[in-house]
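Sequence positions, counted from 1, serve as the residue numbers for this chain. This is a predicted model, so every value here is computed, not measured.
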Amino acid sequence: LEAEGVAIGPHTRHHPILAQTSPERITSETAGSWFDLRARLQRPLPLFCYPNGQAHAVNAAAVRAVRAAGLAGAFTTVPGLNVIGRTDPYLMWRIGSSAGESLRHFAIKLTPAGRVYRKLKGLALKRG
């Protein structure tokens, strides 16, 4: 994949929910996965992706471990846009896509209208 231009970054060795593991295992999983990629790839991407990635799955110990491993940042799966200078680079958000979603539909998610739609949808879900 790397030879085809795909950037590959670390995601842990065994995919545990980091907030549910010991600090020692968090360090082993994060630093170990980064070590493994650097040993196998010429240009691994220094951006971590938290397993599960939801707010309940990421804790301060996980953020510290990713930072200590020397990675430049990390992604959650919490929906949202990142703003340079305001978003914590170790708790970046994503705009996700679904299996079978068209490129056109994904592109709409990136527009101002898509952002307004996501915000309204989030408010509606909170109200029940």
Side-chain angles (χ1 to χ4, degrees):
L1 290 173
E2 183 182 46
E4 296 295 323
V6 176
I8 302 170
H11 185 60
T12 68
R13 284 178 160 167
H14 302 100
H15 209 264
I17 303 302
L18 295 176
Q20 298 173 1
T21 63
S22 70
E24 296 79 19
R25 183 164 182 210
I26 292 171
T27 297
S28 173
E29 291 285 341
T30 56
S33 66
W34 181 228
F35 175 85
D36 294 344
L37 285 180
R38 287 182 296 151
R40 291 172 173 81
L41 301 175
Q42 289 186 344
R43 294 175 307 281
L45 184 66
L47 292 171
F48 189 82
C49 290
Y50 297 105
N52 180 284
Q54 292 297 314
H56 73 275
V58 180
N59 61 10
V63 172
R64 283 191 303 272
V66 170
R67 185 176 280 138
L71 293 152
F75 283 94
T76 67
T77 58
V78 177
L81 295 176
N82 300 296
V83 178
I84 295 172
R86 290 196 307 197
T87 304
D88 182 336
Y90 293 91
L91 291 169
M92 290 189 282
W93 300 334
R94 292 189 202 186
I95 296 176
S97 65
S98 303
E101 180 177 65
S102 71
L103 183 57
R104 182 172 181 260
H105 187 258
F106 181 72
I108 290 169
K109 289 180 177 181
L110 304 177
T111 67
R115 290 192 293 273
V116 169
Y117 170 78
R118 282 191 311 282
K119 184 169 275 205
L120 292 173
K121 183 179 175 183
L123 290 172
L125 291 173
K126 284 182 184 177
R127 290 186 179 162

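The line from CD1 of Ile17 to CD1 of Ile26 is 11.0 Å long, rounded to the nearest 0.5 Å.
Between Phe48 and Tyr50, the ring planes are perpendicular. Angles over 60° get that label, and only those under 30° would be called parallel.
Across all their heavy atoms, Asn82 and Met92 have their closest contact at OD1-CA, 3.3 Å. Shortest non-hydrogen contact noted between Arg25 and His14 is NH2-CB, 3.9 Å. Here the shortest heavy-atom pairing between Ala19 and His56 reads CB-O, 3.4 Å. Of all heavy-atom pairs spanning Pro89 and Ala72, the tightest one is CB-O, 4.1 Å. The two residues His11 and Ser33 make their nearest non-hydrogen contact at N-OG, 3.9 Å. In terms of heavy-atom proximity, Ala57 sits nearest to Asn52 at CB-OD1, 3.5 Å.
Within a 6.0 Å sphere centred on CG of Leu1, heavy atoms belonging to other residues, nucleotides or ligands number 12 at most.
No side-chain donor-acceptor contact under 3.5 Å links Glu2 to the backbone of Ile8. Looking at Thr27, its side chain does come within 3.5 Å of a backbone N or O of Pro23 through a donor-acceptor pair.
Contact annotation: the side chain of Glu29 never approaches that of Thr21 to less than 4.5 Å [non-hydrogen atoms, C-beta and beyond]. For the pair Leu71/Thr30, no side-chain contact is recorded, criterion being any heavy-atom separation below 4.5 Å from C-beta on.
Val58 and Tyr90 fall within a single hydrophobic cluster, where Ile, Leu, Val, Met, Phe, Trp and Tyr are joined by side-chain heavy atoms under 4.5 Å apart, directly or via other members.
A search for ring-ring contact (aromatic ring centres under 6.0 Å, His included) contacts involving His105 returns nothing, not counting sequence neighbours. For Ile95, the side-chain contact (heavy atoms from CB on, under 4.5 Å) criterion is met by Leu81, Phe106, Lys109, Leu110, Arg118, not counting sequence neighbours.
Membership of an apolar cluster is not assigned to Tyr117, as no side-chain contact below 4.5 Å to another ILVMFWY residue is traced.
Screening Leu47, Leu37, Leu45 for a side chain to side chain contact (heavy atoms under 4.5 Å, CB included) involving Pro10 leaves a single residue, Leu37.
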